2 protein chains.
Amino acid sequence: MASIDDVARLAGVSIATVSRVLNNRGYVSEKTKLKVWKAVRELGYKPQKSARTLASRRLFKVALVISDRIKKLLKNETGNFYAIVLQAIKDVESSFRFSTAPLILESSDPKGFDGFLLIGSDATAEQVMFYRKYGKVVLVDHYIDGLGIDCVVSDGYDGVYKVVQDFVQRGFENIVHLHGPLRFYGFKDRYRGYTEAMQRNGLLPVCYEYDDLHEEITPVLKKIFRDKKVQVLICSNDIIAIRALKELKSWGYRIPEDVSVIGFDDIPQAERESLSTLRVQKYEMGLIAAERLYELLIGHGHHPYRMCLYTDFVKRSSSL
Amino acid sequence: MASIDDVARLAGVSIATVSRVLNNRGYVSEKTKLKVWKAVRELGYKPQKSARTLASRRLFKVALVISDRIKKLLKNETGNFYAIVLQAIKDVESSFRFSTAPLILESSDPKGFDGFLLIGSDATAEQVMFYRKYGKVVLVDHYIDGLGIDCVVSDGYDGVYKVVQDFVQRGFENIVHLHGPLRFYGFKDRYRGYTEAMQRNGLLPVCYEYDDLHEEITPVLKKIFRDKKVQVLICSNDIIAIRALKELKSWGYRIPEDVSVIGFDDIPQAERESLSTLRVQKYEMGLIAAERLYELLIGHGHHPYRMCLYTDFVKRSSSL
DNA sequence: ATTTGTTGTGTAAACGCTTTCATAACAGGG
DNA sequence: CCCTGTTATGAAAGCGTTTACACAACAAAT
C-alpha cells in the first residue's frame, strides 16, 4: 500500500510537507496543498494509524470524571469495580501520552481538558453533552440511548443469556431473575438477556424488581420463594446476589443443592462468598476506553460506537 | 512509561532478547527469560501496540467468507451493502499486511488461513466454531448469542430508538413497526429499540411481522392500515420500507403527508426512492472488522467484544 | 540599508518495537 | 583437531509517521 513517501514523490514535495497537509498544521501554500491532495487521491493513500500513534508526540490532558457516589464507593470494597477500571487507565496513560486528572461530576471545571472519561452510570444525557462541549467524551460502564456517544460496557445480555442457556440445557427450568431498577442500562441489558433466553427455550420468564439502594431484600425474597419453586436465582449484580445468598442461608436453604445463586460483575466479595458470577473485564474496560479516547483525540474520524465486552462465567460453589 | 529499553537495561540484556522473551520466539536461555520477566514485572512494562504493529513485518492470510446467498446478492444492487463492506476491507488489507482471498461459506477449504472475516448473517453457530478451529474469526454484520466471538454490527437498538424518540417529541403517537423475522439478530435489535422507546414514552408498541423473502407485502400492509391509524411506519430495513412505500403510493396515500415511512441500512435504492432511513456505516464496519482481526492475529490478548456502530438518521422526503 | 517577522519547505531525528544478520560458545562426529 | 550444527546473544536496520530545527524567500518596519 502507498506510504507517505509515495505521495511525497508523486506530488514532488517532502514527506514533511505531506504530513503538514494531511494534518492541516503549519504553513503550506495553497498550490502545494492541491498537489498533495491530488497525489493522495490518485494513490488512494491512507495514513497508517500505528505509525501515526507512534510518532505523535502530543500530550493530551484527560479528565477522569467520577460521581460523588463512586468517589465514596472507591473508599470501601464495593467500589473495587471502578478501582480496577481506573487502575487500567492509569497504567496506560503514559503509553497514550495522557496526563490524567480526577474530576468530580458536575462540580468541577471542565475547561482545559482535551478529553473526558466518564466513569460509571451516574451521568445524565445533559451532563454528557455538557462535557462534550469542552472535548471528546467516552462513557465507561455507561450508555445513554440515542446520544451517539462512544461507550464501553459489559455485554450483560450475552452473559446472562448464556448462563440461562447452560442451566436449561442441563435440565433446569425454574430459573428466576431478581433485577435492579430497569432504568439503569446495565440492569435492563441483563434482564433482556434473561427473558430472551427463557423465551427462546419456551420457558416463561419470572422476574422480580429490587432496588438495592433503598430496600430490604427480605420481602422480595420471601415473595419469590413463596410464589413458586426456584432452582436458580440469577441476580442483576453481585451485591444483590450476596445479600440473597446470606438471607437464604439464614433461612436454612442449602446452597447450591436447594437453589443456585448467580451474580454479575465478580467483585472481590464474590470470591470470598464463593458466589458463581459473570465476570466483567474491568481492566480491559478501562484500557479500551482509554484507547478509544486516544483515537478520538488524535482523531482522524471513525464513527462512534458502543462496545460491549463479553463476560466470562465463573463457577464457584453457589451454583450447580 | 517504561519502554523496552528500560526493561533491557534493568535485565542487563539487549532489547532483541527482551523482544524474543516477550514473543516467546527464537532461542533464549531459561536464566535470561527469568531475568527479563522479573524486569518486566518490576517496571510494570506494557509493550506499545502501535510500535509493535508498525515493526511487525508479518503477512497474514485472511479469508473473506460469504454465503452463497450474499454472493448472488453482490451481483445485483441489493448486495451493495456488503459490496461496500468488502471494499473497505480491500482498501486496508495491505495496510494490515493482509493477503485476502474470497471463500464461500461451508463449501471451501478453510485450511491455510490465519483468520476469517465472516460477512453477513448466514453463518450458524456451528459454522462459526468450525472456522474458529482453523484461525481467528470476526463476524461482520452478524452476532450469535453466547458464543463469545468478536463481531461488528450496526446499533439498530439505538438507531430506531432515537427515531421513535424524535417523532414522539414532535407529537406523533401512531407509530407502527413492521419487522422482519425476529430470529435474525438485526431485526430483533431494531425491534427492541422500537418497543423500548415506545414504552418509555408511555405508548403501546404496535408490531407486525413480515418475512421479506417469502411473503407478499400487500396482506400485512392491509392489516396494518385496517387495524388503526398510522402516522409513522418504521420498517426493519430499506427493502421492506421501499416495498411498503410503493404499495402505499399505489393505494393513493400521500407520502409523507398521510404517513411517514422509515427504512434501515441506507442502500442505494433508498436514495432514489427518497426514503428516510437509518444509515449504517458500512465502510466503517469493514474497516473496524479488519482492524479487529489484525489485533487478534498479532494477538497479544484483549477480551472479545461486540461492537455496535451507531447509525445516522438520513431525512429524505418519505417522512415528515 | 538593515532588521524583523511571516510564510513555505526540506532534512533528519525521534517514536518503540521486530527481525535479520553476525558472532560466539559449545556440543558431538569424523 | 577440524568441521558442523545447535543454542544464545547483541548490533543495527527498518516500519511509516510527526515534529524540531534549519534555511530561504520575501515583505514590512525601522
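Everything numeric here is computed off the predicted structure, so don't read it as measured data. Chain naming here is simple, since letters A, B, ... match the order of the sequence lines and numbering starts at 1 in each.
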* Net bend of the helix from C:dA1-D:dT30 to C:dG30-D:dC1, end axes of five pairs each, nearest 10 degrees -> 50°
* Asked: Between D:dG16 atom C1' and A:Arg9 atom CZ, what is the distance in whole Å?
  -> 13 Å
* Is the phosphate of C:dG16, meaning OP1 or OP2, less than 4.0 Å from a side-chain N or O of B:Ser3? -> no
* Structure fact -> note: B:Ile4, atom CD1; D:dA11, atom C1'; distance rounded to Å ~ 14 Å
* Asked: Could you give the CG-to-P distance, from B:Asp5 to C:dT18, as a whole number of Å?
  -> 12 Å
* Can you name the side chain to side chain donor-acceptor pair (under 3.5 Å) partners of A:Lys61, sequence neighbours left out? -> none
* Asked: Within this structure, what is the CZ-to-P distance between A:Arg52 and D:dT18, rounded to whole angstrom?
  -> 5 Å
* To do: State which residues pass side chain to side chain donor-acceptor pair (under 3.5 Å) with A:Ser19; sequence neighbours excluded, sorted by chain then number.
  => A:Asn23
* To do: Report the residues that fulfil side-chain contact (heavy atoms from CB on, under 4.5 Å) with B:Ala125, sequence neighbours left out, ordered by chain and then residue number.
  => B:Ile144, B:Leu147
* With heavy atoms under 4.0 Å as the rule, sort B:Thr32 into base, sugar-phosphate or nothing. => sugar-phosphate
* By side-chain contact (heavy atoms from CB on, under 4.5 Å), which residues pair with A:Ala8, not counting sequence neighbours? -> A:Ile15, A:Val18
* With sequence neighbours excluded, what pairs up with B:Ala123 under the side-chain contact (heavy atoms from CB on, under 4.5 Å) test? -> B:Leu105, B:Leu118, B:Gln127, B:Val128, B:His142
N/O contacts under 3.5 Å, protein versus nucleotides 3-7 of chain C?
| from | atom 1 | to | atom 2 | distance (Å) |
| --- | --- | --- | --- | --- |
| C:dT7 | OP2 | A:Tyr27 | OH | 2.8 |

* List for me each residue that meets side chain to side chain donor-acceptor pair (under 3.5 Å) alongside A:Lys162, sequence neighbours excluded, and say none if there are none. => none
* Asked: So, is A:Ser50 near the phosphate of D:dG16, with a side-chain N or O under 4.0 Å from OP1 or OP2?
  -> no
* **Qualifying ring pair (Phe, Tyr, Trp, His ring centres under 6.0 Å) pairs with a residue from residues 6-61 of chain B, counting only residues at least two apart or across chains** => B:Phe60-B:Tyr294
* In whole angstroms, how far is the P atom of C:dA14 from the CD atom of B:Gln48? -> 17 Å
Scan nucleotides 19-25 of chain D against the protein and return all N/O pairs shorter than 3.5 Å with their distances rounded to 0.1 Å.
| from | atom 1 | to | atom 2 | distance (Å) |
| --- | --- | --- | --- | --- |
| D:dT19 | OP2 | A:Arg25 | NE | 3.1 |
| D:dT19 | OP2 | A:Arg25 | NH2 | 3.4 |

* Can you tell me how far P of D:dT18 sits from CG of A:Leu22, to the nearest Å? -> 7 Å
* Asked: Should A:Asp265 and A:Leu278 count as side-chain neighbours, where that means a heavy-atom distance under 4.5 Å?
  -> no
* Atom-to-atom span, OH of B:Tyr45 to C1' of C:dG16 - whole angstrom -> 7 Å
* Using the side chain to side chain donor-acceptor pair (under 3.5 Å) rule, collect all pairs that involve residues 98-113 of chain A, keeping only residues at least two apart or in two chains. => A:Lys90-A:Thr100, A:Glu93-A:Thr100
* Which residues pass the side chain to side chain donor-acceptor pair (under 3.5 Å) test with B:Asp122, sequence neighbours left out? -> B:Ser67, B:Arg69
* Asked: In whole Å, what is the span from the CG atom of B:Leu59 to the P atom of C:dT19?
  -> 13 Å
* To do: Answer yes or no: does atom CD of B:Glu271 have more than 12 heavy-atom neighbours from other residues, nucleotides or ligands under 6.0 Å?
  => no
